[in-house]
Each structure stands twice: as C-alpha cells, then as structure tokens.
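Take a look at the structure below.
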Amino acid sequence: MGSSPQVGQPVQDFTLPGGTLTGDSFERSDYTLSAARGRTVVLAFYPGDNTTVCTKQLCSYSSGMETFTGLDAEVWGISPQGVDSHESFARTYGLRMPLLADTGREIARAYGITAPGIGVRRAVFLIGPDGVLRWKHVAVLGATFQSLDTLAEHIAGIESPTERPADDGGTGTGTTG
C-alpha cells in the first residue's frame, strides 16, 4: 500500500472519466478535482460495481444526496471498473452521484488504498473547499463503510476554516453490510 495523503495537507489534483445519472440520461464527462474547488468533495473509493457492500454504501449515499447538497458537498464514487459498468450500476440502483473510472488504479495508488486480491480498499476522503484533506477513513476489511450521518458530521466540521477534524486512523465506526 502506498502513502496516503495526510490530513491537513493539500491533495494532488486528478482527472478521471465518469458519468452521472440524471433522470433517464447517463451524462459522461471528465471529472477534475480542482474544478470542484469551493465545495467539499467526498471521494468514496469502493472495490466494485454491483457487489453487496458497495451497492449498500452507494445507495445510502445516493438516497442521502440532499444531506450532502445541504452541506455544499459533492460525492464522487470511484472504483476500478469502466464507465460502461458504472452506467449499468447507476441505472440499476438509481445512483445519483458521479461514478468515476480509475481503471488503471493510478488514483487509488496515489491515495494509498490499493490492496492485493480486492484491488482497492474501501475508503473515504473528505477534501475541503480549499483542496486540503480534512478527514479520511481507510477500511482494513471491506465489509464496513462510513455512514451518511458520520460523513455529514465530519463535513459540517469543515465549514469553519479554523477547525480541522482529526484523522481517526481508520478506526471509525461504520455500517456493516
């Protein structure tokens, strides 16, 4: 596993292909992290489309999209599958956040979350409006994920630029799946 970005430090910019389900249309485009400056970005890395825990995780985030929007935050799901797989996954479950394709796992490597066997560890990184990493959770085992309420609590703490939520060292509680 590579070195993960550290809380309180600016994160490296990246661009990935992806798409967002809007009504009946899956709109494909490139997503660049720096283009989201001014808003909090939740990078939700997950091992795979159409898997049990990943589906539960992304469905919970999608159904809570108003919570994220109310906190001026965007959620980006990132996994190694291609955009065609993401489109099928989004259409099957009505997922309303952008799903990005890190097919070469370059971004997963840059965030230190590649893992033998599963390819990518389940992880969440909260990037502040200023491009600084404010909080992260990297799962040791992929059977849990950070709940909407946990993420909302940490995002709300980003509102004040003088407050920086502490890194929980990957020990935060999650929802089992």
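With hydrogens and angles ignored, the 3.5 Å screen pairs no side-chain donor or acceptor of Ser4 with any backbone N or O of Gly112. At distances below 3.5 Å, not a single donor-acceptor pair connects side-chain atoms of Lys136 with backbone N or O atoms of Val7. Between the side chain of Thr69 and the main chain of Met65, a donor-acceptor pair closer than 3.5 Å is present. Remark: the backbone N or O of Asp49 is paired with a side-chain donor or acceptor of Gln81 at under 3.5 angstrom. Remark: the backbone N or O of Ala35 is not paired with any side-chain donor or acceptor of Thr32 at under 3.5 angstrom. In this structure, Glu27 contributes its side chain and Ser25 its backbone to no donor-acceptor pair below 3.5 Å.
Taking the side chain as every heavy atom from C-beta outward, Pro5 and Leu133 approach each other to under 4.5 Å. At least one side-chain heavy atom of Tyr93 sits under 4.5 Å from a side-chain heavy atom of Thr55. Using a 4.5 Å cut-off on side-chain heavy atoms (C-beta onward), Val132 and Val11 make no contact. Within the 4.5 Å cutoff, the side chain of Pro129 has no heavy atoms near those of the Arg39 side chain.
Closest approach of Asp30 to Pro17, counting heavy atoms only: OD1-CA, 3.5 Å. The shortest non-hydrogen separation linking Ala108 to Asp102 is N-OD2, 2.8 Å. In plain terms, the two heavy atoms of Ala36 and Glu74 that are nearest each other are CB-OE2, 4.0 Å. Among all heavy-atom pairs drawn from Arg121 and Ala115, the shortest one is CG-CB, 3.7 Å. Minimum interatomic distance between Ile158 and Gly128 (heavy atoms only, all atoms of both residues): CG2-CA, 4.1 Å.
Partners of Ser60 according to the side chain to side chain donor-acceptor pair (under 3.5 Å) rule, which considers only residues two or more places apart in sequence or in another chain, do not exist here. For the side chain to side chain donor-acceptor pair (under 3.5 Å) test, residues two or more places apart in sequence or in another chain that qualify with Tyr31 are Thr20. A search for salt bridge (Lys or Arg N to Asp or Glu O under 4.0 Å) contacts involving Glu87 returns Arg28, Arg91, not counting sequence neighbours. For Asp149, there are no salt bridge (Lys or Arg N to Asp or Glu O under 4.0 Å) partners, not counting sequence neighbours. Residues satisfying the side-chain contact (heavy atoms from CB on, under 4.5 Å) criterion with Ala44, sequence neighbours excluded, are Gln57, Tyr61. Remark: Ser34 engages Asp13 in a side chain to side chain donor-acceptor pair (under 3.5 Å) (not counting sequence neighbours).
Residues Ser85 and Ser88 bring no donor and acceptor atom of their side chains to less than 3.5 Å of each other.
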Go through Leu148 and Thr150 one step at a time and tell me if the side chain to side chain contact (heavy atoms under 4.5 Å, CB included) criterion holds.
-> CA-CA 6 Å; Leu148 171 67; Thr150 297; over 6 Å; no
Report the C-alpha distance between Leu151 and Val42 in whole Å, list the side-chain angles of each, state the deciding distance to 0.1 Å, and finish with yes or no for side chain to side chain contact (heavy atoms under 4.5 Å, CB included).
-> CA-CA 8 Å; Leu151 295 179; Val42 178; 4.2 Å; yes
Just do the side chain to side chain contact (heavy atoms under 4.5 Å, CB included) check on Thr114 and Arg109 with the steps written out, would you?
-> CA-CA 6 Å; Thr114 55; Arg109 270 193 292 284; 3.5 Å; yes
I would like to know whether Thr40 and Phe68 meet side chain to side chain contact (heavy atoms under 4.5 Å, CB included); could you show each step before the answer?
-> CA-CA 9 Å; Thr40 297; Phe68 292 116; over 6 Å; no
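If you chain together hydrophobic residues whose side chains sit under 4.5 Å apart, Leu21 and Tyr46 never meet in one group. By the criterion of side-chain heavy atoms lying less than 4.5 angstrom apart, applied directly or through intervening Ile, Leu, Val, Met, Phe, Trp or Tyr residues, Phe26 is not grouped with Leu100; the two fall into different hydrophobic clusters. Residues Met97 and Val83 do not share a hydrophobic cluster, clusters being chains of Ile/Leu/Val/Met/Phe/Trp/Tyr side chains in contact below 4.5 Å.
Evaluated for a ring-ring contact (aromatic ring centres under 6.0 Å, His included) with Phe125, the options Trp135, Phe45, Trp76 yield exactly one hit, Phe45. Of the options Val138, Ile78, Ile107, a side chain to side chain contact (heavy atoms under 4.5 Å, CB included) to Ile113 is made by Val138 and by none of the others. For the side chain to side chain contact (heavy atoms under 4.5 Å, CB included) with Cys54, the qualifying choice from Asn50, Thr51, Thr52 is Thr51, the only one to do so.
Going from atom CG of Leu58 over to atom NE2 of His86 covers 9.5 Å, rounded to the nearest 0.5 Å.
Within a 6.0 Å sphere centred on CD of Gln12, heavy atoms belonging to other residues, nucleotides or ligands number 12 at most.
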